[in-house]
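What follows is one structure encoded as structure tokens, with my remarks underneath.
Counting from 1, the numbers follow the sequence of the chain as shown.
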Amino acid sequence: MSILFIIVSILYLLGCGALVAAILLQKKRTAGVAGSIAGMGNVSDTYWDKNKSRSMEGSLERMTKIGGILLGIFAVLLCLI
């Protein structure tokens, strides 16, 4: 095994753990698919919904998106090595 493969594998495993933690820390959404079909999925009337990007929940969502993209990149790198 090359040293590059080992480094990317370690980064991949650390990213997996961080992504699992970010997903488990997020708040449950009760509306789900049924709420989005009924048109109630994107209603943001409260102060907390409007300023969600600055809250802990918004940062966890951002971390989840970035983590998923990074894991995809690491997976492709592992296949190419």
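- Here side chain to side chain donor-acceptor pair (under 3.5 Å) pairs that include residues 67-81, with residues two or more places apart or in two chains, number zero.
- Summarising the geometry of Cys16 relative to Leu71, their closest heavy-atom pair is N-CD2, 3.7 Å, with the distance given to 0.1 Å.
- Looking at residues two or more places apart in sequence or on another chain, you find a side-chain contact (heavy atoms from CB on, under 4.5 Å) between Ile73 and Ile69, Leu77.
- Side-chain contacts under 4.5 Å among hydrophobic residues (ILVMFWY), followed directly or transitively, place Val20 together with Leu24.
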Please tabulate, one pair per line, all N/O donor-acceptor pairs under 3.5 Å involving side-chain atoms of residues 3-14, not counting sequence neighbours.
unit_1	atom_1	unit_2	atom_2	d
Ser9	OG	Phe5	O	2.7

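- Here side chain to side chain donor-acceptor pair (under 3.5 Å) pairs that include residues 63-81, with residues two or more places apart or in two chains, are Gln26-Thr64.
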